[in-house]
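One structure below.
Just so you know, ligand 1 is whichever comes first in the structure, and atom 1 is the first atom listed for that ligand. One is the number of the first residue; the rest follow in order along the sequence.
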Amino acid sequence: MDDKQIKLLIDKAMAASQNAICDFSNFRVGAAILSKDGSVFTGCNIENSSLTMVICAERVALYKALSEGCKEFTAIAIAAEGHDFCPPCGSCRQLLFEFAPDLKVIMADSKKNYTIKKIEELLPMAFKFQKK
Ligand code: THU
């Protein structure tokens, strides 16, 4: 991916963050996941009064893609409005690794500076269920 493609994905993540429902944390997150066929699915965090049921932006984007039949991914951009780089939480790392083991994770700040890590770097020695 070149810088222009990365910035486009970051733009989509930032736009998605505007839909965040974050009355409890006031922390607005957006994500945009790029599938191998070029389609992009976005997500934002959604909070509700049962706090254990909060869902992160990354998971919304991933589940939207999976539920539309997209199963192969190259990159995800994550942006938290007005904040520095937003690394994915531990649960999202596990899910992203499981469904997209080759994923590049693009973490952007509000000025569109970014840092990129492979999901396997963010989740060393990841658990993977061994089917018999
Ligand atoms: N959040 C995300 O959406 N993605 C992350 O990578 C970190 C945290 C959300 C969950 C919750 O709505 C808020 O940010 C504060 O934790």
Does atom NZ (Lys64) have a neighbourhood of more than 12 heavy atoms from anything else shown, all under 6.0 Å?
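Enclosed.
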Output all residues satisfying side-chain contact (heavy atoms from CB on, under 4.5 Å) with Glu68, sequence neighbours left out; order by chain, then residue number.
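With sequence neighbours excluded, Glu68 shows a side-chain contact (heavy atoms from CB on, under 4.5 Å) to Phe41, given in chain and number order.
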Output all residues satisfying side-chain contact (heavy atoms from CB on, under 4.5 Å) with Asp37, sequence neighbours left out; order by chain, then residue number.
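side-chain contact (heavy atoms from CB on, under 4.5 Å) list for Asp37, sorted by chain: Ser35, Ser39, Cys70.
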Test your reading of the model: is there a side-chain donor-acceptor pair from Arg93 to the backbone of Ile119, 3.5 Å cut-off?
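No; zero donor-acceptor contacts below 3.5 Å.
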Counterpart residues, ring pair (Phe, Tyr, Trp, His ring centres under 6.0 Å), relative to Phe27 (two or more places apart)
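So Phe27 forms a ring pair (Phe, Tyr, Trp, His ring centres under 6.0 Å) with His83.
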List, ordered by chain and residue number, the protein residues whose closest non-hydrogen atom lies under 4.0 Å from any atom of ligand 1.
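For ligand 1, the residues that come within the 4.0 Å heavy-atom cutoff are Ser25, Phe27, Val29, Asn45, Glu47, Val54, Cys56, Ala57, Glu58, Cys86, Pro87, Pro88, Cys89.
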Could Lys7 and Asp11 be called an ion pair, given the rule that one side-chain N must be under 4.0 Å from one carboxylate O?
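Result for this pair is no, no salt bridge flagged.
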